[in-house]
Each structure stands twice: as structure tokens, then as C-alpha cells.
Novice: 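This structure is in C-alpha cells; I'll ask about it shortly.
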Amino acid sequence: MRRIDWSTLDIAGRIEALARPGRRTEARVGDTVREIMDDVRTRGGAAVADWSLKLDGAAPRRLALTPDRVAAARDALRPADTRAIRMAAENIRIFHEATRPEDTPDVEIVPGVRSRLVWRPLRSAGLYVPGGTAPLFSSLLMLALPAIVAGVGRRIAVTPPSASGEPHPAMIFAAAEAGLDALWLIGGAQAIAVLTFGAELDDGVIEPCDKLFGPGNAWVAEAKKQAAALPGGPAVDMPAGPSELLVIADRDANPEIAAADLLGQAEHDADAQVILVSESRANIDAILAEVERQLQSLPRADIARASLVGGRAIRVRDMAEACEVANLYAPEHLALQTVDAETLLDRITAAGAVFVGAFAAETLGDYAAGPSHVLPTDGAARTLGGVATASFMTSMSVQAASEAGSRELAPVAARLARLEGLEAHARAADLRAR
């Protein structure tokens, strides 16, 4: 990890210090994704099959979650594994049911004119579940369960095929726990393309989806961006690319815990980024030494080391400046490992998820604490939050007016319309004021 003294940097230096890894924005990513998207739009299922074979070595497959298949997956897991998946699913369901938005009561603007907000579920949602080097069945739970709580009519889950061609039993079991009836084994930009345009495949038809959800690598993130830019294309949840973690650790923070959290994100992907911020040079030294010690026994040490090349260890003057750095970076995950973590929370304005205190491990949030771990990356936390039940819903304003209420408000509306030069608007109001 690169060491940086924040106080010595000018504005340009600070921007560079908090830059995301350059691989996320390479031109070749955008160009290749555009080629894939255009090909699937033109050739449909044949293009999806060709790109899947080329990039993943396997044709697209629909895996129906039949009782026999689910039972076989359950039997392939240890009982403690299935209990843990069920407990995580229940916690996620409880949180999203508790935070599901409700219709507001009527607000009477003037006597006889009432307005309110009502919420409706999306008709369809495409759920991208990362796979590749790790079967991230947790992401499936974090997407499919909020969608079902919201009442989404059609949920299409796609995930890359594994090297063996078969999904991990935990992925099948988790999909069943989340109420899905099938999994499509398609990965990468071609999966986003088929959710965008729809296609007829050998195992069935995928209809276009109204909104796309899910984290992924740089190719998936770019495909979502291009899909959202299409005229009439799907909405997307947020930029949710390679993972990020910023740890604010004061001089009393436990180096072993801080290092473990940094490595927990670094092992995701070579493009993942971790940042350590502290006012204590001694604790930065201790934490980085602990990172190196823990790396020695990590099964995914090579991936973690590649990620740490883009990592930063930033020394600041105090915790107030540490919070300023965090808000500038706007991390996907923010860990506050300080003695006054609750107090620091008031200073935080931009983060996808905040973990307050040493015992609030980011790993708990990844799996079992309840909120979805699908969160904004690349600075998008400045303006966007993570996936929630509301992400799978839309709100509509509903307005009703009595004859008396309309007579009272119509003259105001008509005058304002004429100020804007919109005479037809004004006349429509005048008719209600007779």
C-alpha cells in the first residue's frame, strides 16, 4: 500500500491520492462492452451464446430450481451451512420488510385539495449475481429478497458459470430460499445485454427488464452504464463495480482487526481498493505489518496483493481531517475503528455503508446483518444509497381536489401559468374556477 501524508498534498495531489484504480476506466473496457451490447441487440440469443462460449467457455443455461435439485444442493451442504444461509435470509427479509416504504397520508394543501405519495413495485428486475472466482450467493440474497419484499412481478437472476459448469450448491440453495424458480448461468457484459434487450435462448426466453441490479467487475459496471444510457433502456440501481473499503483507525485501533478488514475487501478482486486513514504513524506501521503477516496464510493472497498495489495508507492531522478524506473519497464501505466512532458518524456525509466501532465488522454486513450489501462504488455514494426495498419500487404523487378546493387554487395556478407564457395551462385552470 502506498503511504501518503495528507498535509503535504495540494488539491491535485489529493485528487490523485483518492483516485480509483485506472483499470476500471480503460478505454478497451468501454469499447469491448459496446461491441457486445451492439451484437446482442442485433443478433439476440445467437450473440449471447457466442460471447458466453468465448468469454466463459460455456453456453447460456437455465437452471430450474426443482424440488429435487434444491434437495440435492441442500444435501451437498453441511447442516451448519444451510442454517447460516437461512438465518442470513431471514435477517435480510426482516430488515427490508421493516424499511419498506408505505403510502403517505393525505396532505391537505388548501381545504379540499389533497395530495399523497403512493408506492408501487417494479414490473420486472434483472438481478446480476457475481460469480467467477467466488460463488457470491450472498449477493443473490441481498438482491432477490428485497425484490420479493417490494412485490416485483418478474425477477430474473443471472450468474456466471463456474469452472465446472455447475453452480455451487450454496447458490442453488440460496436462490430457493430467496423465492426464485430458476437461475440463468450467464455472466459478464453479455448477461447485462440480454437483460437489457431480451433474447430467445436454447433454454427459453428472457424478456427485457425494467431495471438492472447488482455488483460486478469493470465489464459488468460498464455494461450497466451503457444500458442505462440507451433511449428507452432500463434503469440501473447504481454504479456497483469492484469493491472498496476505507478504514479510519485512530491510535487506539486494534491493528489485527483493521488489517483483517482491509484484506477482507482486497481479496475480492485485483481491482478492489482499500484505504487506511489514521492520525497515528505508529499505528499505520503496525496495521501494514499486520496486513503482511495475515497475507501469508490467505488462500487468495495473490488477488489481495494485486489489490493492495492500488491501496493507500493516508496519515492525517486528526479525526476531523480523517472524516474529510472519507467524504471526499465517498467509499462503498466505511469502517470507523475509533474510540469515538458514534461521534464521528455525525461528520460522515458520503458512504454506502458505515460500520461503527471495532465490533461492527464489514463482514457482518456482507452476509447477515440485514441491509443489502449492494452499494455504490466509484464515488457514487455522494449522491446514491445502497439497494433497499424502495430501490425495487416507484413512488407516484396522487392529487385530488374538490370543486371548492379547485376554485381556491386554480386562480393561483392560472396566474403562474400566464407568467410562464403558457396560456392553455391557464385556461385549463380557469375552467375549474368558474
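Since this is a predicted model, take the numbers as computed values, not measurements.
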Novice: When you measure from the centre of the six-membered ring of F173, is the NZ or CZ of R86 under 6.0 Å away and within 45° of the axis?
Specialist: no

Novice: Surrounding CG of D75 (heavy atoms of other residues, nucleotides or ligands, distance under 6.0 Å), is the total greater than 12?
Specialist: yes

Novice: Report yes if the side chains of L212 and I192 come closer than 4.5 Å at any heavy-atom pair, otherwise no.
Specialist: yes

Novice: Taking atom CZ of R2 as the centre, does the number of heavy atoms from other residues, nucleotides or ligands within less than 6.0 Å exceed 12?
Specialist: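 Counting other residues, nucleotides and ligands, CZ of R2 exceeds 12 neighbours.
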
Novice: How long is the gap from OG1 on T82 to CG on L77, to the nearest 0.5 Å?
Specialist: 6.5 Å

Novice: State, with a plain yes or no, whether a side-chain heavy atom of V158 is found less than 4.5 Å away from one of L195.
Specialist: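 With C-beta onward as the side chain, the pair touches.
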
Novice: Short question: side chain of E362, backbone of A335 - any donor-acceptor pair under 3.5 Å?
Specialist: no

Novice: Does CD belonging to E292 count more than 12 external heavy atoms closer than 6.0 Å?
Specialist: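 Yes.
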
Novice: To the nearest 0.5 angstrom, please state how far the OG1 atom of T394 sits from the CG atom of D210.
Specialist: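 That separation rounds to 9.5 Å.
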
Novice: Tell me if the CZ atom of R281 is crowded by more than 12 foreign heavy atoms within 6.0 Å.
Specialist: no

Novice: Would the number of heavy atoms belonging to other residues, nucleotides or ligands and lying under 6.0 Å from CZ of R317 be above 12?
Specialist: no

Novice: Within a 6.0 Å radius of atom CD on Q296, are there more than 12 heavy atoms belonging to other residues, nucleotides or ligands?
Specialist: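 Yes.
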
Novice: Under the side chain to side chain contact (heavy atoms under 4.5 Å, CB included) rule, what do T196 and C209 come out as? Steps first, then yes or no, please.
Specialist: CA-CA 6 Å; T196 299; C209 294; over 6 Å; no

Novice: Do S139 and H373 pair up side chain to side chain, a donor and an acceptor below 3.5 Å, judged on atom types alone?
Specialist: yes

Novice: To the nearest 0.5 Å, what is the distance between OG1 on T8 and CZ on R14?
Specialist: 8.5 Å

Novice: Over 60° means perpendicular and under 30° means parallel, so classify the ring planes of Y367 and F137, tilted if in between.
Specialist: tilted

Novice: Please say whether more than 12 non-hydrogen atoms of neighbouring residues, nucleotides or ligands are located less than 6.0 Å from CZ in R123.
Specialist: no

Novice: Just to verify, which of R312, E324, Q273 counts as forming a side-chain hydrogen bond (donor to acceptor under 3.5 Å, both in side chains) with Y329?
Specialist: Q273

Novice: So do the side chains of L185 and P167 get within less than 4.5 Å of each other, counting heavy atoms only?
Specialist: yes

Novice: In terms of side-chain heavy atoms, does Q265 have a donor or acceptor partner in S243 at a distance below 3.5 Å?
Specialist: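 Result is yes, a qualifying pair exists.
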
Novice: Using 0.5 Å steps for rounding, measure from the CG atom of L143 to the OG atom of S138.
Specialist: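 Between L143 CG and S138 OG, I get 9.5 Å after rounding to 0.5 Å.
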
Novice: Kindly give the heavy-atom pair with the smallest separation between L122 and M393, and that separation in Å.
Specialist: CG-N, 4.1 Å

Novice: Around D302, counting heavy atoms of other residues, nucleotides and ligands shown, do more than 12 lie under 6.0 Å from its CG?
Specialist: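 At most 12 heavy atoms, drawn from other residues, nucleotides or ligands, come within 6.0 Å of this atom.
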
Novice: Within the 4.5 Å heavy-atom criterion, are D56 and Q190 side-chain neighbours or not?
Specialist: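 Touching, per the 4.5 Å side-chain cut-off.
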
Novice: Between D203 and R61, does the salt bridge (Lys or Arg N to Asp or Glu O under 4.0 Å) criterion hold? Intermediate values first, please.
Specialist: CA-CA 6 Å; D203 284 354; R61 287 173 55 204; 5.3 Å; no

